[in-house]
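Some notes on the structure that comes next.
Naming convention: chains lettered A, B, ... in sequence-line order (proteins, then strands); numbering from 1 in each chain. Because only heavy atoms are used, hydrogens play no part in the values below, and waters and symmetry mates are left out as well, while side chains stay in.
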Amino acid sequence: MSRLAEAGLEPQAGPEIVPGPLAPFARALAFVNLWIVRLGSLALLAAALILTYSVVSRYFFKATTDWQDEAAVFCIVGAVFTASAYVQSYRGHIGIELLATFLSPRANRVRAIVVDIASFTFCAFFAWKSWTLWHEAYVDKQTTTSAWGPPLWIPYALMAFGISLLALQIALQVGAALTRRAKP
Amino acid sequence: MSILTLGLLFGGITLAMMFTGMPISFALGSVAVVFMYFFMPAASLDTITQNVYEEMASITLLSIPLFILKGAAIGRSRAGRDLYAALHAWMSRVPGGLGIANVFACALFAAMAGSSPATCSAIGQAGIPEMRMRGYSPGFAAGIIAAGGTLGILLPPSITMILYSVAAEVSLGRLFLAGIGPGLVLVALFAGYAVWRFRKEYRAADATFRAGGLKSAYLNENTLTLRQKVEMLPRVLPFVILLIGVMVALYGGLATPSETAGLGAVLALLLIASIYAMWRPRDLAPIMAATLRESTMLMLIIGMSLLYSYVMSYLHLSQSGAQWIVDMHLSKWLLLAAILALVLVLGFFLPPVSIILMTAPIILPPLKAAGFDLIWFGILMTIVMEMGLIHPPVGLNIFVIRNIAPDIPLKDVIWGVMPFVGLMFFAIFVICLAPQIATWLPDLVMGAK
């Protein structure tokens, strides 16, 4: 993905086309991503509205604001982590693409696959550790330290789910690249 | 293993991973995990996710997506074009007024949208064709927009400043205000250059015409009636109100910076709904999707950069790096120059967010020890990172210009941008000589420190 995409300025390019036996898997993931974008959009809007409400209620009604910040944090953290697979489907996580300009197309394909496998390993590890974190928070009924004290397993579950989906998305891209290689 | 070897290994592996083209967030996370595995207690690996979550779940950092939402809402409406058209109308009698209008439009838009590339794109789409139609050379037109766009991260609200305030533990409100003076200095320098260059190109066109050559579009008169000008105003006022409203909410003590972000996003969405009738789900979906894309990409980089700097600090690499710089006993200004040069070089490759989070623990302690004001330095650092945005090889704004005006050769764009890089160097020099340019406004509004 180009640097333009970083700015959200690139015209809508579809996700990579996945051929062959992986196609149903890719369609399923794309469907999940579509709904995540919709829900994530709503979560961001909700966060903006919650914070606006916080200002208004404090100013006009002198209400205390205790839960708003945390609720907004949960909304945004949830949206950001769950959307990471969607961003990956467009190759939207930017990297330094300098090496790619020096390598032959063949070497570049190998580089891209190796990089994806490394990214997958990291994300899979992170997903695993997120699930153990979630489990611990759920079993021990951990809450945040504020007066409102909502349960921590909620954002942890969103993080674990999001990063797991991200790992799946990268695995799919590696799989697609390998099948493309097998059938030139 | 000595701390020096460990540091070199850490730096070397980071560079190697990054240059493979691995996404920056995953590369930083992987380096952190690998070093945790080999050099830190086994239990530390069990808490990495908690670590990342706790660092990220700060309402200050999480205001970033909301600032992006505000920018995307404004950036994807016709606001940029309208703002530009109105400024152009009001400046049309001033010699070189078109160039000035473009610089002003960039500055105002940047202050509303808070993003350099979005500013370039929104103002450039209208501004570059207009300037070229009026005879401005393509490189000059591209340079004005690329440089004008960089004001996006200097004028408040700026995403890079949010990160800097977290990394340097300085007041965000103060930092935002400190950006305004230097921002205006850059606006003045850019506008002054635009006028000078206009007069030069105008004289050349005039001489060619008098010698019997082609009549350049430069020489065409173009005047608008007062009525036309007044009709332009209502289109701009709401956005100026948004800008001022947000600042009043923030500095009038009505809202925290993160609440301001939420409020700004809601106001921006209400404005585009009422003025441009953009309220249907199909109008809003692209805005939300773009916000989600950019936020997710940035927040993952931020989260992993924080994990990375946690490892760096646990292994005493940042402290030793900072101590090493202090022990060189460089003179105060040489130290500053060396650090800014480092930021400049990093800016050629890395986005500002990662530069701030990765380097802050190393470069800020020596600067503090040397007696520099960290808010003032934040402003200098921001200007230097802006140069990275318009400087080859990977200047983001150059790519944006290439996208909106593909027929201008890259060489022309780069040569058009270079004078502005020079002006930014000059601005840094001026702000070093007169730090008050940055510090007087925060001191005035929020009281001296």
Inset, instruction - Find the distance between CD (B:Glu54) and OG1 (A:Thr144) and round it off to the nearest 0.5 Å. - result: 11.0 Å
Inset, instruction - Could you tell me whether a side-chain N or O of B:Arg293 sits under 3.5 Å from a main-chain N or O of A:Gly92, the two making a donor and an acceptor? - result: no
Legend entry - Option that, when pairs with chain B are counted at under 4.5 Å, heavy atom only, ranks first among A:Ala137, A:Pro155, A:Ala43, A:Ala112: A:Pro155
Legend entry - Flag side-chain contact, heavy atom, 4.5 Å: B:Val52 against A:Phe126: yes
Legend entry - Heavy-atom side-chain proximity of B:Met304 to A:Phe122 below 4.5 angstrom: yes
Legend entry - Minimum side-chain heavy-atom gap B:Met22-A:Asp116 below 4.5 Å: no
Inset, instruction - Could you look at A:Ile117 and say if it's the side chain, the backbone, both or neither that has a heavy atom under 4.5 Å from chain B? - result: neither
Inset, instruction - Can you tell which part of B:Leu45 gets under 4.5 Å to a heavy atom of chain A, answering side chain, backbone, both or neither? - result: both
Inset, instruction - Can you establish whether the number of heavy atoms outside A:Trp128 located under 6.0 Å from its atom CH2 is more than 12? - result: no
Inset, instruction - Please report the shortest heavy-atom distance between A:Leu45 and B:Met288, naming the atom on each side. - result: CG-CE, 3.8 Å
Legend entry - Which atoms of A:Leu166 approach chain B - backbone, side chain, both or neither, heavy atom under 4.5 Å: side chain
Legend entry - Under 4.5 Å from any heavy atom of chain A - which part of B:Ala265: side chain
Inset, instruction - Answer with side chain, backbone, both or neither: which region of B:Val34 has an atom nearer than 4.5 Å to a non-hydrogen atom of chain A? - result: neither
Exercise answer: donor-acceptor pairs, residues 73-81 of chain A side-chain atoms, under 3.5 Å, sequence neighbours excluded:
none

Inset, instruction - Quick one: pull up CZ in B:Phe26 and CZ in A:Phe120 and give me the separation to the nearest 0.5 Å. - result: 12.0 Å
Legend entry - Distance in Å, A:Ser130 OG paired with B:Ile48 CD1, rounded so as to fall on 0.5 Å steps: 7.5 Å
Inset, instruction - Measure the acute angle between the ring planes of B:Tyr53 and A:Tyr156, then classify it against the limits of 30° and 60° as parallel, tilted or perpendicular. - result: perpendicular
Inset, instruction - Would you mind checking which part of B:Leu62 comes under 4.5 Å of any heavy atom in chain A, side chain (CB onward), backbone (N, CA, C, O), both or neither? - result: both
Legend entry - Shortest non-hydrogen separation from A:Leu44 to B:Leu292 and the atoms involved: CD1-CD1, 3.7 Å
Inset, instruction - Can you tell which part of A:Ala118 gets under 4.5 Å to a heavy atom of chain B, answering side chain, backbone, both or neither? - result: both
Legend entry - Residue pair B:Ser258 / A:Leu51: nearest heavy atoms and the distance that separates them: O-CD1, 3.4 Å
Legend entry - Sole candidate of B:Pro351, B:Ser354, B:Pro23, B:Ser25 that passes side-chain contact (heavy atoms from CB on, under 4.5 Å) when paired with A:Ile94: B:Pro351
Inset, instruction - Please report the shortest heavy-atom distance between B:Leu300 and A:Ser84, naming the atom on each side. - result: CD1-CB, 3.9 Å
Legend entry - Approximate separation, where rounding is to 0.5 Å, of A:Asp69 CG and B:Thr256 OG1: 6.0 Å
Legend entry - Proximal component of B:Leu267, with respect to chain A [non-hydrogen, under 4.5 Å]: neither
Legend entry - B:Met297 CE to A:Gln88 CD distance, which is reported to the nearest 0.5 Å: 12.5 Å
Legend entry - Exceeds 12 heavy-atom contacts within 6.0 angstrom, atom NZ of A:Lys141: no
Legend entry - Heavy atoms from other residues, nucleotides or ligands near OH of A:Tyr138 exceed 12 (cutoff 6.0 Å): no
Legend entry - B:Thr296 OG1 to A:His93 NE2 distance, which is reported to the nearest 0.5 Å: 7.0 Å
Legend entry - Full working for side-chain contact (heavy atoms from CB on, under 4.5 Å) between A:Arg58 and B:Glu259: CA-CA 11 Å; A:Arg58 192 173 49 227; B:Glu259 286 170 348; 2.7 Å; yes
Legend entry - Over 12 non-hydrogen atoms of neighbours within 6.0 angstrom of CH2 in A:Trp148: yes
Inset, instruction - Pick whichever of B:Thr47, B:Ile24, B:Ile68, B:Thr260 has the most heavy-atom pairs under 4.5 Å with chain A. - result: B:Ile24
Legend entry - Side chains of A:Thr132 and B:Asp46 in contact at under 4.5 Å (non-hydrogen atoms): no
